[in-house]
Amino acid sequence: MTVEQKIGQFFFPAVFINDTEENIQETERLIRKYNIGGLTFFHSRASSATNYETKKKVILNDQSCQRLKDLIVRYQKCATTPLLMSIDAEWGLAMRVEKTPQYPYAITLGALPESEKHLIYEVGKQIGINLKSVGIHYNLAPLADINNNPNNPVIGYRSFGENKEKVSDFAIEYIRGMNDVGVLGCLKHFPGHGNTSVDSHLGLPVLEETLEQLLDNELVPFIKGIEDNVDSIMIGHLAVPALNKGKDTSATLSKSVIETLLRKQLGYDGLVISDALNMKSVSNLYDNKGQLEWEAFNAGNDVLCFAENVPEGIQEILNNATLERIEESYNRLWKCKQKAGILNEEINLTALSEINFDFERTSKLNFKIAQNSITKIKDSNITKTTFEANKSNKLAKLSLYKNTDNTFFKSLANDLPSPEFSYESGGHLALTQLEKEISDYDTILLSLFVPKAKPLNNFDIEESVLQFLNDLFNSKKCIIYVFGNPYVLQIIPNLKNALGIVQAYQDFIEFQECAAKQLIENLDYKGVLPFKNKKFL
């Protein structure tokens with residue numbers, strides 16, 4: 001390759017599964033003309049995390065998976081050098097692609113006891129198998145961020161929790177599972193995005209910790225990953241003034257973070273990839289096209305993810321970088337391509353023609369995770385209380401944000417045949433009516449299906465619903481099952497008055513069935529809350 005062609009390998013522009021033919025052809029032109037090294041797939045332009053200004057609606061497409069496969073075949077066919085196809089699939093292909101296997105969020109996996117970490121390995125392995133079956137060999141996951149800020153707007157449920165040892169062990173197990181089926185992994189977001197209160201898609205978070213504090217906490221999972229020869233590390237768009245002579249420079253653009261800390265002090269010589277360069281924390285810093293790409297490369301990144309200015313970026317690096325530095329980055333990327341097996345053998349594009357996911361295997365694994373992660377936070381003999389109330393016709397079931405035709409209620413129906421009520425929308429009027437309907441029942445078995453995983457706008461739980469819950473816990477004997485992000489517990493008012501609290505994490509069918517089974521049979525709950533903050537109690 002020429003030097004210019006080698007530089008092209010550092011660029012991983014974003015591509016969108018549901019895109020126009022015109023944009024697809026433009027990507028093909030980039031591949032042919034600039035010898036780019038890989039692509040990073042997203043569902044659609046509207047689904048991009050930076051799409052807050054336009055608020056474009058995401059249009060779902062049940063054919064997205066087949067379309068993804070077809071695009072991979074198409075793009076690989078026009079590449080002189082095999083492309084390393086990447087995607088952000090933290091909880092499986094379903095994070096980006098409809099009708100594909102979905103696994104629990106990292107925060108759910110973080111509720112598993114250490115003795116069950118083999119389940120994390122299995123999640124990584126199955127995600128790897130699914131990715132490889134569509135032609136993807138590089139997963140930009142998992143997070144090694146320790147979520148020690150409960151109000152974090154962007155990490156939260158994507159982290160294994162706030163225990164540094166658990167985050168370290170689980171992240172490594174996840175990558176080992178993927179590696180064992182030929183898929184590369186990536187620890188992110190160095191030096192740690194957990195203790196932040198700003199979404200780096202929209203602004204620049206600032207970490208106030210000293211290096212000593214970072215070494216004692218945030219950096220621990222990355223250090224363990226380096227010891228385990230992790231494939232790659234992603235640099236986060238976050239500033240650490242203590243590492244930059246007091247300046248608020250994004251780590252992605254900081255030599256002191258990448259070259260001094262990560263490379264020299266921590267001894268990492270694997271692949272370093274930037275976080276997406278379209279994110280608002282860095283995307284508007286430079287007026288000249290290609291300058292951002294050069295600055296990110298110059299800071300120490302080997303791969304430029306979501307690079308939007310490929311021709312200009314290549315030219316800037318060609319004009320400014322040393323041949324030695326270009327060779328270093330090129331060799332690191334080449335080693336990853338070799339490990340993924342896309343250079344040693346011809347990519348079998350014909351094998352990508354059929355979709356054949358093992359959904360049954362996924363379901364069995366999800367049920368095992370549910371059995372071991374569902375967490376009993378407060379217990380006043382839940383099983384005995386519900387059965388006694390049911391026997392005296394004082395029990396009512398109430399579902400919030402999902403109708404009564406949910407799996408949890410259906411799984412309880414034979415053993416606890418009590419009246420069922422629900423609230424999905426309608427505000428104060430609907431809730432006032434609901435209060436009247438349940439007034440004759442003194443015990444309420446409540447299932448809260450949290451509307452959104454992200455904490456923005458109180459997880460999309462209406463203020464009127466929060467007030468309703470506040471009053472309900474004051475006036476009734478309540479047992480609440482929470483199907484959703486456990487950080488929601490912190491915003492539920494008066495929760496301390498509930499007789500029983502069970503955190504069920506996901507609204508998957510398997511988690512609803514398992515929660516019902518544990519209630520009916522009075523089984524042990526093996527899950528551990530992934531954070532210590534118990535203000536809700």
Side-chain angles (χ1 to χ4, degrees), residues 102-104 108 111-112 116 119 359-424 430 433-451 465 468-469 472-473 475-484 486 498-527:
Q102 181 173 355
Y103 302 88
T108 307
L112 291 167
E116 302 298 323
L119 293 173
F359 286 100
E360 185 178 348
R361 185 180 177 192
T362 301
S363 181
K364 287 179 180 177
L365 176 57
N366 284 342
F367 194 84
K368 280 184 188 175
I369 293 168
Q371 285 178 311
N372 290 281
S373 65
I374 293 177
T375 308
K376 190 183 286 186
I377 295 169
K378 186 177 182 183
D379 179 19
S380 297
N381 204 330
I382 292 171
T383 300
K384 182 180 179 183
T385 300
T386 50
F387 273 90
E388 285 181 352
N390 187 60
K391 191 174 181 181
S392 59
N393 296 319
K394 290 295 183 181
L395 176 70
K397 302 191 198 84
L398 172 57
S399 174
L400 296 179
Y401 292 109
K402 200 179 280 285
N403 63 36
T404 56
D405 191 33
N406 63 69
T407 301
F408 183 54
F409 280 9
K410 286 195 283 189
S411 301
L412 293 171
N414 287 337
D415 295 277
L416 287 169
S418 57
E420 298 175 351
F421 304 90
S422 68
Y423 171 86
E424 293 180 84
Q433 178 60 32
L434 184 58
E435 282 180 359
K436 293 176 182 176
E437 291 172 350
I438 64 173
S439 60
D440 291 337
Y441 304 95
D442 64 13
T443 305
I444 307 296
L445 180 58
L446 179 66
S447 59
L448 171 61
F449 292 90
V450 185
V465 170
F468 170 81
L469 287 172
L472 195 66
F473 293 136
S475 59
K476 305 282 185 183
K477 299 175 191 172
C478 292
I479 296 161
I480 182 171
Y481 279 72
V482 179
F483 296 94
L499 280 182
I501 307 167
V502 176
Q503 177 60 46
Y505 300 99
Q506 308 282 159
D507 67 355
F508 295 0
I509 286 172
E510 296 87 356
F511 279 74
Q512 294 184 56
E513 288 177 344
C514 188
K517 182 179 174 67
Q518 288 174 328
L519 170 59
I520 292 166
E521 299 180 17
N522 198 22
L523 300 176
D524 289 338
Y525 291 72
K526 299 177 182 177

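We use all heavy atoms of the structure for the numbers below, so side chains are in, but hydrogens, waters and symmetry mates are not.
- Annotation: side chain of Leu519 is in contact with side chain of Thr386 (closest heavy-atom distance under 4.5 Å).
- Side chains of Phe421 and Thr404 form no contact here, defined as non-hydrogen atoms less than 4.5 Å apart.
- Not a single donor-acceptor pair under 3.5 Å links the side chain of Thr407 to the backbone N or O of Gln512.
- A salt bridge does not link Lys476 with Asp442: every distance from a Lys NZ or Arg NE/NH1/NH2 to an Asp or Glu carboxylate oxygen is 4.0 Å or more.
- Contact detail for Tyr103 and Thr362: the closest heavy-atom pair is OH-OG1, 3.0 Å.
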**Request:** Could you go through the side chain to side chain contact (heavy atoms under 4.5 Å, CB included) check for Leu446 and Leu469 one step at a time?
**Result:** CA-CA 10 Å; Leu446 179 66; Leu469 287 172; 3.5 Å; yes
**Request:** Walk me through it: do Tyr481 and Phe408 pass the test ring-ring contact (aromatic ring centres under 6.0 Å, His included)?
**Result:** CA-CA 10 Å; Tyr481 279 72; Phe408 183 54; 5.0 Å; yes
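- Here the closest non-hydrogen pair linking Thr375 and Tyr505 is OG1-OH, 2.8 Å.
- Here Asp379 pairs with Lys376 under the salt bridge (charged side-chain N to carboxylate O under 4.0 Å, His left out) rule; sequence neighbours left out.
- Between Glu513 and Lys517 there is no salt bridge, since no side-chain N of the basic residue sits under 4.0 Å from a carboxylate O of the acidic one.
- Geometrically, Lys402 engages Phe449 in a cation-pi contact, judged by NZ or CZ lying under 6.0 Å from the ring centre and within 45° of the ring axis.
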**Message:** side chain to side chain contact (heavy atoms under 4.5 Å, CB included), that's the test. Do Ile438 and Leu472 meet it? Break it down for me.
**Reply:** CA-CA 10 Å; Ile438 64 173; Leu472 195 66; 3.7 Å; yes
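- Atom NZ of Lys368 is separated from atom CG of Leu119 by 7.0 Å, given to the nearest 0.5 angstrom.
- Side chain of Ser439 to main chain of Lys436: a donor-acceptor pair is present (N/O by atom type, distance under 3.5 Å, no hydrogens or angles).
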